[in-house]
Every structure is written in C-alpha cells, then in structure tokens.
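One structure is given here, and the rest of the page talks about it.
Since the structure is predicted, the reported quantities are computational estimates derived from the model, not experimental observations.
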Amino acid sequence: MTQFRDLGVAEDICFALAARGIDSPFQIQSLVIPEALRRGDVLAKSPTGSGKTLAFAIPIIQSADVDAKRPGALVLVPTRELAAQVTEEFELISGGGLKVASVYGGVPLKAQAQEAKAAHVLVATPGRL
C-alpha cells in the first residue's frame, strides 16, 4: 500500500496527516502529489469527497517559503464556505507554520486585506479577489 512518504511528502506533513488519521493517499493524491512536488503543471478532475484538497494543499505547503513577505500561492474557490473549508485544511496540515488567509464577500474588506497581505497562502473567491 502506498504511503504519503512514498510520494515524496515531507515527514512533518506525514505526521500531521497521521495525527488526523490520514495514512494512505487517495487515488487523486497519488496521481497529483508527485508531479506537483516536481512543480509540474497539473490539471485533475475528481468527484467531491475524493481528496482533491489534500492533492493540491500538500505540495503547496511543502514548497511554501515561510520567509516570504507576500503570498506564494493562490487558491481560487467558488464559495465562502469552500474557502473556509480549504483554509482549515491548510492550517491543520501545516501545523501552524504557514499563514493562510481567506478572502470572500460578506465580511469587511479591510481586515481581510490586512490578513491577506501577511499570508503565505491566499484562499479566495473570485468576487472578493
């Protein structure tokens, strides 16, 4: 059985996944993670609940420059509910070592803009972006 470390995932991320009871990658993760870690172009389609968020979040977290002064990754999502969900996944896997900000409508813009400015990863809806 393939494990995340077999795909090239760093030990600290494997540990964070295991702490959440996630030990083996889903099919979409096995296909996407190695190519994304090589910084290759990836286009993948998979049903809801198949593990897409981790398929792109793991490589982003692993390659993030925590010393950067501006966001190094942008994740576009269609709804604020999905923005909150994706942001939470990033925060849980990164163990707090990565600043993740969400920007979406329905809340004051100024506070989100300040948070986004200091983030490593920005999760946004198209309208608010």
Side-chain angles (χ1 to χ4, degrees):
M1 179 186 307
T2 303
Q3 300 294 310
F4 283 100
R5 69 181 42 82
D6 300 330
L7 303 177
V9 177
E11 284 299 317
D12 59 332
I13 297 173
C14 290
F15 181 75
L17 292 167
R20 295 183 55 213
I22 304 170
D23 297 310
S24 300
F26 288 130
Q27 182 180 13
I28 190 70
Q29 296 159 353
S30 293
L31 293 169
V32 168
I33 290 172
E35 185 64 24
L37 288 174
R38 288 191 293 273
R39 296 186 180 253
D41 293 332
V42 175
L43 176 63
K45 180 179 176 183
S46 189
T48 300
S50 63
K52 290 183 300 291
T53 301
L54 291 181
F56 67 79
I58 290 169
I60 290 172
I61 292 166
Q62 189 161 317
S63 64
D65 178 2
V66 294
D67 295 324
K69 302 295 183 202
R70 62 180 186 199
L74 169 65
V75 179
L76 284 175
V77 295
T79 66
R80 63 177 158 188
E81 292 81 11
L82 189 54
Q85 178 186 340
V86 169
T87 299
E88 182 179 6
E89 286 295 320
F90 268 92
E91 290 170 341
L92 290 170
I93 299 163
S94 70
L98 204 61
K99 176 82 170 105
V100 183
S102 291
V103 293
Y104 47 82
V107 295
L109 178 62
K110 188 173 182 171
Q112 284 185 340
Q114 289 299 322
E115 192 176 317
K117 209 161 119 175
H120 298 105
V121 177
L122 181 59
V123 180
T125 59
R128 181 51 57 105
L129 181 64

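- For Q29 (side chain) and I58 (main-chain N/O), no donor-acceptor pair under 3.5 Å exists by modelled atom type.
- Residues that satisfy the side chain to side chain contact (heavy atoms under 4.5 Å, CB included) test with D12, not counting sequence neighbours, are A10.
- Connection of L31 to I22 is not established within any shared hydrophobic cluster, with ILVMFWY side chains joined at heavy-atom distances below 4.5 Å, either directly or through further cluster members.
- The two atoms that bring A124 and L74 nearest to each other are CB-CD1, 4.3 Å, heavy atoms only.
- A side-chain donor-acceptor contact under 3.5 Å links R80 to the backbone of G105.
- Here the side chains of D23 and Q3 are in contact, with some heavy-atom distance below 4.5 Å.
- The OG1 atom of T79 sits 8.5 Å away from the CD atom of Q85 when rounded to the nearest 0.5 Å.
- For K52, there are no salt bridge (charged side-chain N to carboxylate O under 4.0 Å, His left out) partners, not counting sequence neighbours.
- Nearest approach of A116 to V103, heavy atoms of both residues: CB-CG1, 4.0 Å.
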Q: Take L7 and L37, measure what side-chain contact (heavy atoms from CB on, under 4.5 Å) needs, and give me the verdict at the end.
A: CA-CA 9 Å; L7 303 177; L37 288 174; 5.6 Å; no
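- Between the NZ atom of K110 and the CD atom of E115 there is a distance of 15.0 Å, given to the nearest 0.5 Å.
- The closest donor-acceptor contact from the side chain of R128 to the backbone of V107 lies under 3.5 Å.
- Distance CG/L17 to CZ/R5: 10.0 Å, rounded to 0.5 Å.
- Between the Q112 side chain and the Y104 main chain, a donor and an acceptor come within less than 3.5 Å of each other.
- In the displayed structure, R20 atom CZ is contacted under 6.0 Å by more than 12 heavy atoms of other residues, nucleotides or ligands.
- Scored by the side-chain hydrogen bond (donor to acceptor under 3.5 Å, both in side chains) test, T87 finds S102 as partners (sequence neighbours excluded).
- Screening I93, V86, L92 for a side chain to side chain contact (heavy atoms under 4.5 Å, CB included) involving F90 leaves a single residue, V86.
- With I61 as the fixed residue, the side chain to side chain contact (heavy atoms under 4.5 Å, CB included) test singles out one of V9, L98, L54: L98.
- I33 has its side chain within reach of F4: a pair of non-hydrogen atoms, C-beta onward, lies under 4.5 Å apart.
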